[in-house]
Amino acid sequence: MTRAALLLLADGRFPAGGHAHSGGAEAAVRAGRITDAASLEEFCRGRLHTSGLVAASLAAAAALGADPGELDAAADARTPSPALRAAARRLGRQLLRAGRATWPCGELDLLARRFPKGVHQPVVLGAVARAAGLEPSDAAHCAAYESVGGPATATVRLLGLDPFDATGVLARLAPATDRVAARAVRAAREALTEGVDALPAASAPLLEISAEAHAAGAGRLFAT
Amino acid sequence: MHLRHPHDGPGHGSAAGAAARRPDGTRRALRLGLGGPVGSGKTATVAALCRELRSELSLAVVTNDIYTREDAEFLLREAVLPPERITAVETGACPHTAIRDDISANLEAVEELEDAVGPLDLILVESGGDNLTATFSRGLVDAQIFVIDVAGGDDIPRKGGPGVTTADLLVVNKTDLAPHVGSDLSRMAADAKAQRGPLPVVFQSLREEAGVAPVAAWVRERLAAWRA
(Lines give C-alpha, C1' and ligand atoms only; values in the text may rest on other atoms or scores of the structure.)
Protein backbone atom coordinates (compact mmCIF):
# COMPACT_ATOMS: atom_id res chain seq x y z
CA MET A 1 0.00 0.00 0.00
CA THR A 2 0.96 3.64 -0.23
CA ARG A 3 0.07 6.50 2.10
CA ALA A 4 -0.77 8.54 -0.96
CA ALA A 5 -3.62 6.12 -1.79
CA LEU A 6 -5.18 6.98 1.57
CA LEU A 7 -4.88 10.70 0.85
CA LEU A 8 -6.49 10.18 -2.55
CA LEU A 9 -9.44 8.23 -1.15
CA ALA A 10 -9.97 10.69 1.72
CA ASP A 11 -9.71 13.77 -0.50
CA GLY A 12 -12.97 15.66 -0.77
CA ARG A 13 -12.20 16.07 -4.47
CA PHE A 14 -12.32 12.30 -5.08
CA PRO A 15 -15.12 12.18 -7.67
CA ALA A 16 -17.65 10.02 -5.85
CA GLY A 17 -20.57 12.41 -5.37
CA GLY A 18 -20.02 13.58 -1.80
CA HIS A 19 -20.09 17.25 -2.75
CA ALA A 20 -23.87 17.19 -3.24
CA HIS A 21 -24.54 16.01 0.33
CA SER A 22 -24.41 17.98 3.58
CA GLY A 23 -24.74 15.07 6.02
CA GLY A 24 -27.79 16.66 7.61
CA ALA A 25 -26.15 20.06 8.01
CA GLU A 26 -28.55 21.84 5.66
CA ALA A 27 -31.58 20.66 7.63
CA ALA A 28 -29.85 21.65 10.89
CA VAL A 29 -28.97 25.09 9.52
CA ARG A 30 -32.59 25.63 8.45
CA ALA A 31 -33.86 24.52 11.83
CA GLY A 32 -31.50 26.96 13.55
CA ARG A 33 -29.45 24.20 15.18
CA ILE A 34 -26.24 25.16 13.36
CA THR A 35 -25.63 28.90 13.44
CA ASP A 36 -21.87 29.29 13.94
CA ALA A 37 -18.61 27.37 14.40
CA ALA A 38 -19.48 26.30 17.98
CA SER A 39 -22.83 24.78 17.03
CA LEU A 40 -21.25 23.18 13.94
CA GLU A 41 -18.73 21.51 16.24
CA GLU A 42 -21.47 20.12 18.48
CA PHE A 43 -23.42 18.89 15.45
CA CYS A 44 -20.31 17.20 14.04
CA ARG A 45 -19.41 15.64 17.39
CA GLY A 46 -22.87 14.10 17.59
CA ARG A 47 -22.71 12.82 14.04
CA LEU A 48 -19.21 11.40 14.51
CA HIS A 49 -20.22 9.30 17.52
CA THR A 50 -23.44 8.01 15.95
CA SER A 51 -23.70 7.60 12.19
CA GLY A 52 -19.95 8.22 11.88
CA LEU A 53 -19.12 5.31 14.18
CA VAL A 54 -21.57 3.02 12.39
CA ALA A 55 -20.20 3.98 8.97
CA ALA A 56 -16.60 3.53 10.13
CA SER A 57 -17.31 0.04 11.49
CA LEU A 58 -19.09 -1.00 8.28
CA ALA A 59 -16.16 0.31 6.23
CA ALA A 60 -13.61 -1.48 8.41
CA ALA A 61 -15.58 -4.73 8.24
CA ALA A 62 -15.81 -4.52 4.45
CA ALA A 63 -12.07 -3.82 4.26
CA LEU A 64 -11.49 -6.94 6.38
CA GLY A 65 -13.40 -8.94 3.79
CA ALA A 66 -16.76 -9.45 5.53
CA ASP A 67 -19.67 -10.34 3.23
CA PRO A 68 -20.98 -7.14 1.58
CA GLY A 69 -24.54 -8.46 1.44
CA GLU A 70 -24.60 -9.02 5.20
CA LEU A 71 -23.00 -5.64 5.82
CA ASP A 72 -25.54 -3.96 3.55
CA ALA A 73 -28.40 -5.54 5.51
CA ALA A 74 -26.72 -4.43 8.74
CA ALA A 75 -26.50 -0.88 7.37
CA ASP A 76 -30.20 -0.95 6.45
CA ALA A 77 -31.09 -2.07 9.97
CA ARG A 78 -29.09 0.87 11.35
CA THR A 79 -30.64 3.45 8.99
CA PRO A 80 -34.34 4.00 9.79
CA SER A 81 -34.84 6.81 7.23
CA PRO A 82 -35.76 5.49 3.77
CA ALA A 83 -34.35 8.71 2.26
CA LEU A 84 -30.97 8.11 3.90
CA ARG A 85 -30.97 4.46 2.83
CA ALA A 86 -31.63 5.46 -0.78
CA ALA A 87 -28.96 8.17 -0.62
CA ALA A 88 -26.42 5.75 0.90
CA ARG A 89 -26.98 3.24 -1.93
CA ARG A 90 -26.78 5.95 -4.57
CA LEU A 91 -23.52 7.24 -3.08
CA GLY A 92 -22.35 3.64 -2.90
CA ARG A 93 -22.89 3.27 -6.66
CA GLN A 94 -21.10 6.54 -7.33
CA LEU A 95 -18.13 5.55 -5.16
CA LEU A 96 -17.98 2.12 -6.78
CA ARG A 97 -17.87 3.76 -10.21
CA ALA A 98 -15.01 6.03 -9.14
CA GLY A 99 -13.23 3.23 -7.27
CA ARG A 100 -13.36 0.81 -10.21
CA ALA A 101 -11.96 3.43 -12.55
CA THR A 102 -9.23 4.41 -10.07
CA TRP A 103 -8.19 0.99 -8.70
CA PRO A 104 -9.48 -1.58 -11.23
CA CYS A 105 -9.82 -5.05 -9.72
CA GLY A 106 -11.96 -8.15 -9.99
CA GLU A 107 -13.34 -7.83 -6.48
CA LEU A 108 -14.92 -4.43 -7.21
CA ASP A 109 -16.25 -5.67 -10.57
CA LEU A 110 -17.86 -8.59 -8.73
CA LEU A 111 -19.41 -6.21 -6.18
CA ALA A 112 -20.94 -4.16 -9.03
CA ARG A 113 -22.32 -7.29 -10.73
CA ARG A 114 -23.71 -8.76 -7.52
CA PHE A 115 -25.46 -5.56 -6.42
CA PRO A 116 -26.54 -3.61 -9.52
CA LYS A 117 -28.71 -1.32 -7.39
CA GLY A 118 -25.79 -0.54 -5.10
CA VAL A 119 -24.86 -1.18 -1.47
CA HIS A 120 -24.49 1.36 1.34
CA GLN A 121 -21.60 3.75 0.73
CA PRO A 122 -19.50 2.75 3.80
CA VAL A 123 -19.52 -0.88 2.61
CA VAL A 124 -18.23 0.22 -0.79
CA LEU A 125 -15.70 2.49 0.92
CA GLY A 126 -14.23 -0.52 2.73
CA ALA A 127 -14.11 -2.56 -0.47
CA VAL A 128 -12.47 0.30 -2.39
CA ALA A 129 -9.92 0.80 0.42
CA ARG A 130 -9.11 -2.90 0.16
CA ALA A 131 -8.71 -2.59 -3.62
CA ALA A 132 -6.36 0.35 -3.08
CA GLY A 133 -4.21 -1.79 -0.79
CA LEU A 134 -5.28 0.09 2.34
CA GLU A 135 -5.89 -1.25 5.84
CA PRO A 136 -9.23 -1.58 7.67
CA SER A 137 -8.18 1.26 9.96
CA ASP A 138 -7.65 3.46 6.90
CA ALA A 139 -11.18 2.71 5.72
CA ALA A 140 -12.52 3.48 9.20
CA HIS A 141 -10.62 6.77 9.31
CA CYS A 142 -11.99 7.78 5.91
CA ALA A 143 -15.57 7.04 6.98
CA ALA A 144 -15.22 8.77 10.35
CA TYR A 145 -13.57 11.82 8.82
CA GLU A 146 -16.18 11.99 6.04
CA SER A 147 -18.95 12.00 8.66
CA VAL A 148 -17.72 15.41 9.89
CA GLY A 149 -15.92 16.78 6.84
CA GLY A 150 -19.09 16.79 4.73
CA PRO A 151 -21.19 18.86 7.16
CA ALA A 152 -18.30 21.29 7.75
CA THR A 153 -17.81 21.98 4.03
CA ALA A 154 -21.55 22.31 3.50
CA THR A 155 -21.89 24.78 6.35
CA VAL A 156 -19.24 27.02 4.78
CA ARG A 157 -21.47 27.20 1.69
CA LEU A 158 -24.78 27.45 3.55
CA LEU A 159 -23.92 30.03 6.21
CA GLY A 160 -20.95 31.77 4.66
CA LEU A 161 -19.12 30.48 7.74
CA ASP A 162 -15.45 31.49 7.82
CA PRO A 163 -13.66 28.52 6.19
CA PHE A 164 -10.78 28.82 8.67
CA ASP A 165 -13.25 28.38 11.53
CA ALA A 166 -14.69 25.30 9.83
CA THR A 167 -11.29 23.67 9.43
CA GLY A 168 -10.53 24.54 13.04
CA VAL A 169 -13.62 22.55 14.04
CA LEU A 170 -12.33 19.53 12.12
CA ALA A 171 -8.88 19.85 13.70
CA ARG A 172 -10.38 19.93 17.21
CA LEU A 173 -12.42 16.82 16.38
CA ALA A 174 -9.34 14.95 15.10
CA PRO A 175 -8.52 13.10 18.36
CA ALA A 176 -12.15 11.99 18.70
CA THR A 177 -12.12 10.93 15.03
CA ASP A 178 -9.09 8.73 15.72
CA ARG A 179 -10.80 7.14 18.72
CA VAL A 180 -13.99 6.46 16.76
CA ALA A 181 -11.97 4.85 13.97
CA ALA A 182 -10.10 2.64 16.46
CA ARG A 183 -13.33 1.57 18.13
CA ALA A 184 -14.85 0.82 14.73
CA VAL A 185 -11.93 -1.44 13.77
CA ARG A 186 -12.22 -3.39 17.04
CA ALA A 187 -15.94 -3.90 16.45
CA ALA A 188 -15.32 -4.92 12.84
CA ARG A 189 -12.80 -7.60 13.91
CA GLU A 190 -15.30 -8.86 16.46
CA ALA A 191 -17.98 -9.01 13.77
CA LEU A 192 -15.82 -11.38 11.70
CA THR A 193 -16.34 -14.07 14.34
CA GLU A 194 -19.54 -12.92 16.07
CA GLY A 195 -21.49 -11.75 13.01
CA VAL A 196 -22.67 -8.31 11.98
CA ASP A 197 -24.77 -7.85 15.13
CA ALA A 198 -21.46 -7.08 16.87
CA LEU A 199 -21.20 -3.85 14.84
CA PRO A 200 -22.20 -0.63 16.66
CA ALA A 201 -25.80 0.53 16.22
CA ALA A 202 -25.52 4.06 17.60
CA SER A 203 -28.38 6.04 16.14
CA ALA A 204 -29.08 9.77 15.83
CA PRO A 205 -32.89 10.01 15.70
CA LEU A 206 -32.91 13.72 14.88
CA LEU A 207 -30.63 13.17 11.87
CA GLU A 208 -32.96 10.47 10.60
CA ILE A 209 -36.13 12.51 11.16
CA SER A 210 -34.74 15.72 9.66
CA ALA A 211 -33.43 13.74 6.66
CA GLU A 212 -37.01 12.68 5.89
CA ALA A 213 -38.27 16.26 6.20
CA HIS A 214 -35.39 17.49 4.04
CA ALA A 215 -36.13 14.93 1.32
CA ALA A 216 -39.78 15.99 1.22
CA GLY A 217 -39.07 19.72 1.28
CA ALA A 218 -38.45 22.11 -1.62
CA GLY A 219 -35.71 24.56 -2.42
CA ARG A 220 -32.80 22.66 -0.93
CA LEU A 221 -29.21 23.01 -2.08
CA PHE A 222 -27.98 19.58 -0.94
CA ALA A 223 -29.46 16.17 -1.67
CA THR A 224 -29.23 15.17 2.01
CA MET B 1 -8.87 13.62 -12.86
CA HIS B 2 -10.93 12.37 -15.75
CA LEU B 3 -12.41 9.03 -16.44
CA ARG B 4 -12.50 8.93 -20.19
CA HIS B 5 -11.53 5.72 -21.92
CA PRO B 6 -12.60 6.38 -25.50
CA HIS B 7 -11.21 3.12 -26.81
CA ASP B 8 -12.96 0.87 -24.34
CA GLY B 9 -14.62 -2.03 -26.04
CA PRO B 10 -18.08 -3.19 -25.03
CA GLY B 11 -18.85 -1.54 -21.71
CA HIS B 12 -19.02 -4.81 -19.81
CA GLY B 13 -16.75 -4.57 -16.80
CA SER B 14 -15.82 -1.00 -17.63
CA ALA B 15 -16.35 1.56 -14.92
CA ALA B 16 -15.98 4.55 -17.21
CA GLY B 17 -18.97 6.51 -18.41
CA ALA B 18 -17.68 7.45 -21.82
CA ALA B 19 -17.50 3.99 -23.37
CA ALA B 20 -19.47 4.12 -26.61
CA ARG B 21 -21.32 0.88 -26.00
CA ARG B 22 -23.62 -0.30 -23.26
CA PRO B 23 -23.04 -3.55 -21.36
CA ASP B 24 -25.35 -5.39 -23.79
CA GLY B 25 -23.19 -4.27 -26.75
CA THR B 26 -25.63 -1.72 -28.19
CA ARG B 27 -24.47 1.83 -28.92
CA ARG B 28 -25.41 4.20 -26.14
CA ALA B 29 -27.20 7.49 -26.72
CA LEU B 30 -25.33 10.58 -27.86
CA ARG B 31 -24.92 12.88 -24.87
CA LEU B 32 -25.00 16.63 -25.40
CA GLY B 33 -24.32 19.14 -22.62
CA LEU B 34 -25.95 22.58 -22.46
CA GLY B 35 -24.23 25.12 -20.23
CA GLY B 36 -24.18 28.88 -19.80
CA PRO B 37 -24.98 31.72 -17.42
CA VAL B 38 -28.20 32.00 -15.41
CA GLY B 39 -31.17 33.18 -17.46
CA SER B 40 -29.53 32.82 -20.88
CA GLY B 41 -32.23 30.40 -22.06
CA LYS B 42 -30.75 26.94 -21.56
CA THR B 43 -33.98 25.38 -20.34
CA ALA B 44 -36.03 27.15 -23.03
CA THR B 45 -33.60 25.80 -25.65
CA VAL B 46 -33.85 22.28 -24.21
CA ALA B 47 -37.66 22.53 -24.29
CA ALA B 48 -37.62 23.77 -27.89
CA LEU B 49 -35.19 21.01 -28.94
CA CYS B 50 -37.42 18.38 -27.36
CA ARG B 51 -40.48 19.68 -29.22
CA GLU B 52 -38.54 19.81 -32.48
CA LEU B 53 -36.88 16.37 -32.24
CA ARG B 54 -39.22 14.16 -30.20
CA SER B 55 -41.15 12.86 -33.20
CA GLU B 56 -37.99 11.62 -34.92
CA LEU B 57 -35.73 10.63 -31.99
CA SER B 58 -35.95 8.81 -28.67
CA LEU B 59 -34.98 11.55 -26.19
CA ALA B 60 -34.28 12.10 -22.49
CA VAL B 61 -33.14 15.07 -20.40
CA VAL B 62 -31.00 15.37 -17.25
CA THR B 63 -31.17 18.71 -15.44
CA ASN B 64 -28.60 19.95 -12.91
CA ASP B 65 -30.38 22.53 -10.81
CA ILE B 66 -29.09 24.76 -8.09
CA TYR B 67 -32.34 24.57 -6.15
CA THR B 68 -32.80 20.94 -7.13
CA ARG B 69 -35.86 20.52 -9.35
CA GLU B 70 -36.75 23.95 -10.80
CA ASP B 71 -35.64 23.26 -14.37
CA ALA B 72 -36.98 19.71 -14.38
CA GLU B 73 -40.34 21.02 -13.18
CA PHE B 74 -40.42 23.63 -15.93
CA LEU B 75 -39.88 20.90 -18.53
CA LEU B 76 -42.57 18.77 -16.89
CA ARG B 77 -45.06 21.66 -16.84
CA GLU B 78 -44.34 22.37 -20.48
CA ALA B 79 -44.88 18.64 -21.12
CA VAL B 80 -42.05 18.52 -23.64
CA LEU B 81 -41.39 14.87 -22.75
CA PRO B 82 -43.11 12.24 -20.59
CA PRO B 83 -42.00 12.57 -16.93
CA GLU B 84 -40.06 9.29 -16.94
CA ARG B 85 -37.72 10.80 -19.53
CA ILE B 86 -36.67 13.74 -17.32
CA THR B 87 -34.29 13.34 -14.35
CA ALA B 88 -33.00 16.01 -11.96
CA VAL B 89 -29.53 15.70 -10.44
CA GLU B 90 -28.91 17.57 -7.19
CA THR B 91 -25.66 19.48 -7.11
CA GLY B 92 -24.96 20.71 -3.56
CA ALA B 93 -24.74 24.41 -4.47
CA CYS B 94 -22.02 23.71 -7.04
CA PRO B 95 -23.55 22.94 -10.45
CA HIS B 96 -20.19 23.17 -12.22
CA THR B 97 -18.75 20.46 -9.95
CA ALA B 98 -21.45 18.00 -10.99
CA ILE B 99 -20.79 18.45 -14.72
CA ARG B 100 -16.99 18.68 -14.63
CA ASP B 101 -15.05 17.71 -11.48
CA ASP B 102 -17.28 14.95 -10.12
CA ILE B 103 -19.56 13.59 -12.81
CA SER B 104 -20.58 10.44 -10.92
CA ALA B 105 -24.18 11.53 -10.19
CA ASN B 106 -24.77 12.60 -13.79
CA LEU B 107 -23.36 9.32 -15.14
CA GLU B 108 -25.73 7.44 -12.82
CA ALA B 109 -28.61 9.55 -14.15
CA VAL B 110 -27.88 9.03 -17.85
CA GLU B 111 -27.37 5.29 -17.41
CA GLU B 112 -30.56 4.95 -15.36
CA LEU B 113 -32.49 6.74 -18.11
CA GLU B 114 -31.11 4.39 -20.74
CA ASP B 115 -32.01 1.38 -18.58
CA ALA B 116 -35.51 2.69 -17.79
CA VAL B 117 -36.75 4.19 -21.07
CA GLY B 118 -34.08 3.15 -23.61
CA PRO B 119 -32.96 2.58 -26.19
CA LEU B 120 -32.35 6.30 -26.52
CA ASP B 121 -30.88 8.26 -29.43
CA LEU B 122 -30.05 11.43 -27.53
CA ILE B 123 -29.68 12.60 -23.93
CA LEU B 124 -29.53 16.34 -23.25
CA VAL B 125 -27.64 17.17 -20.03
CA GLU B 126 -28.47 20.69 -18.90
CA SER B 127 -26.17 22.43 -16.45
CA GLY B 128 -27.49 24.65 -13.69
CA GLY B 129 -26.98 28.31 -14.57
CA ASP B 130 -23.44 29.07 -13.54
CA ASN B 131 -20.62 31.21 -14.83
CA LEU B 132 -18.45 31.66 -17.90
CA THR B 133 -15.90 29.08 -16.74
CA ALA B 134 -18.35 26.16 -16.41
CA THR B 135 -17.72 23.44 -18.97
CA PHE B 136 -18.68 19.77 -19.19
CA SER B 137 -16.29 16.88 -18.66
CA ARG B 138 -15.59 14.82 -21.79
CA GLY B 139 -16.26 11.83 -19.55
CA LEU B 140 -19.90 12.92 -19.31
CA VAL B 141 -20.87 14.39 -22.70
CA ASP B 142 -19.79 13.86 -26.30
CA ALA B 143 -20.25 17.51 -27.24
CA GLN B 144 -21.38 20.70 -25.55
CA ILE B 145 -23.44 23.75 -26.36
CA PHE B 146 -22.79 27.01 -24.51
CA VAL B 147 -25.78 29.35 -24.38
CA ILE B 148 -25.36 33.08 -23.77
CA ASP B 149 -27.84 35.86 -24.51
CA VAL B 150 -27.65 39.35 -25.94
CA ALA B 151 -29.18 40.89 -22.81
CA GLY B 152 -26.34 39.58 -20.63
CA GLY B 153 -24.05 42.10 -22.31
CA ASP B 154 -22.61 42.15 -25.83
CA ASP B 155 -19.08 42.01 -24.38
CA ILE B 156 -19.43 38.35 -23.25
CA PRO B 157 -17.97 36.85 -26.46
CA ARG B 158 -15.02 39.25 -26.17
CA LYS B 159 -14.45 38.28 -22.52
CA GLY B 160 -14.18 34.64 -23.60
CA GLY B 161 -13.72 31.98 -20.94
CA PRO B 162 -13.73 28.21 -21.48
CA GLY B 163 -17.46 28.02 -22.33
CA VAL B 164 -17.42 30.72 -25.00
CA THR B 165 -14.04 29.69 -26.38
CA THR B 166 -14.16 25.90 -26.45
CA ALA B 167 -17.82 24.79 -26.62
CA ASP B 168 -18.62 22.76 -29.73
CA LEU B 169 -21.49 25.16 -30.45
CA LEU B 170 -21.97 28.69 -29.12
CA VAL B 171 -25.59 29.87 -29.09
CA VAL B 172 -26.22 33.60 -28.77
CA ASN B 173 -29.84 33.64 -27.62
CA LYS B 174 -32.65 36.23 -27.49
CA THR B 175 -31.50 38.14 -30.59
CA ASP B 176 -34.97 39.73 -30.72
CA LEU B 177 -33.98 41.73 -27.62
CA ALA B 178 -30.82 43.20 -29.17
CA PRO B 179 -32.35 46.56 -30.24
CA HIS B 180 -33.97 46.99 -26.81
CA VAL B 181 -30.82 46.41 -24.76
CA GLY B 182 -28.38 48.13 -27.10
CA SER B 183 -26.44 44.98 -28.01
CA ASP B 184 -24.47 44.99 -31.23
CA LEU B 185 -24.94 41.58 -32.89
CA SER B 186 -22.27 42.12 -35.55
CA ARG B 187 -19.75 42.97 -32.85
CA MET B 188 -20.76 39.84 -30.90
CA ALA B 189 -20.31 37.76 -34.06
CA ALA B 190 -16.87 39.25 -34.76
CA ASP B 191 -15.72 38.75 -31.15
CA ALA B 192 -17.01 35.17 -31.14
CA LYS B 193 -15.19 34.45 -34.39
CA ALA B 194 -11.97 35.86 -32.91
CA GLN B 195 -12.32 33.71 -29.77
CA ARG B 196 -13.49 30.52 -31.46
CA GLY B 197 -11.87 30.38 -34.87
CA PRO B 198 -13.69 27.77 -36.97
CA LEU B 199 -16.05 26.55 -34.19
CA PRO B 200 -19.69 27.31 -35.06
CA VAL B 201 -21.89 30.07 -33.59
CA VAL B 202 -25.69 30.26 -33.91
CA PHE B 203 -27.69 33.44 -33.31
CA GLN B 204 -31.10 32.37 -32.07
CA SER B 205 -34.45 33.86 -31.13
CA LEU B 206 -36.98 31.32 -29.92
CA ARG B 207 -39.69 33.95 -30.48
CA GLU B 208 -39.05 34.19 -34.21
CA GLU B 209 -39.97 31.81 -36.97
CA ALA B 210 -36.69 29.92 -37.34
CA GLY B 211 -36.66 29.33 -33.57
CA VAL B 212 -34.50 26.39 -32.53
CA ALA B 213 -34.16 25.00 -36.08
CA PRO B 214 -30.45 25.90 -36.61
CA VAL B 215 -29.46 24.30 -33.28
CA ALA B 216 -31.62 21.26 -34.05
CA ALA B 217 -29.85 20.94 -37.42
CA TRP B 218 -26.49 20.98 -35.63
CA VAL B 219 -27.74 18.27 -33.22
CA ARG B 220 -28.82 16.11 -36.19
CA GLU B 221 -25.34 16.48 -37.70
CA ARG B 222 -23.69 15.40 -34.43
CA LEU B 223 -26.02 12.45 -34.20
CA ALA B 224 -25.25 11.37 -37.77
CA ALA B 225 -21.51 11.57 -36.98
CA TRP B 226 -22.01 9.60 -33.74
CA ARG B 227 -23.83 6.83 -35.58
CA ALA B 228 -21.36 6.69 -38.48
Side-chain angles (χ1 to χ4, degrees), chain A residues 8 11-23 25-26 29 87 89-106 108-113 116-118 121 124 128 131 150-151 153-160 214-224, chain B residues 1-6 8 10-19 22-24 62-73 87-112 114-116 127-130 136-140:
Chain A
L8 179 55
D11 192 332
R13 291 166 296 188
F14 191 73
H19 70 95
H21 295 261
S22 79
E26 185 171 21
V29 164
R89 288 217 168 80
R90 181 167 286 274
L91 281 171
R93 287 202 304 275
Q94 291 177 243
L95 176 58
L96 188 53
R97 177 190 294 277
R100 290 172 74 199
T102 311
W103 293 287
C105 78
L108 295 182
D109 292 344
L110 185 65
L111 188 61
R113 272 203 297 279
K117 295 198 177 299
Q121 190 266 5
V124 178
V128 169
T153 308
T155 303
V156 169
R157 292 190 206 159
L158 289 162
L159 281 183
H214 186 73
R220 61 182 178 268
L221 288 172
F222 290 88
T224 61
Chain B
M1 179 173 342
H2 75 141
L3 306 175
R4 192 185 189 201
H5 302 292
D8 272 357
H12 197 73
S14 161
R22 297 175 36 75
D24 63 5
V62 177
T63 63
N64 282 257
D65 281 322
I66 303 178
Y67 297 107
T68 64
R69 295 191 56 85
E70 287 271 322
D71 290 341
E73 277 163 13
T87 296
V89 166
E90 296 174 307
T91 60
C94 280
H96 54 272
T97 304
I99 60 163
R100 186 185 57 204
D101 309 87
D102 181 351
I103 57 176
S104 58
N106 270 295
L107 288 174
E108 288 290 322
V110 295
E111 289 177 8
E112 279 169 13
E114 291 210 80
D115 287 342
S127 150
D130 206 323
F136 284 83
S137 165
R138 294 285 170 189
L140 175 60

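Quick note on labels: first sequence line is chain A, next is B, and so on, each numbered from 1.
- Taking both residues in full, the closest heavy atoms of A:G17 and B:S104 are given as N-OG, 3.3 Å, listed atom of the first, atom of the second, then distance.
- Note that CD of B:E112 is 5.0 Å distant from CZ of A:R93, once rounded to the nearest 0.5 Å.
- Note that CG of B:D102 is 4.0 Å distant from NE2 of A:H19, once rounded to the nearest 0.5 Å.
- Here the closest heavy-atom approach between residue A:P15 and residue B:D101 is recorded as CB-O, 3.6 Å.
- Between A:A223 and B:E90 the shortest heavy-atom distance is CB-OE1, 3.1 Å.
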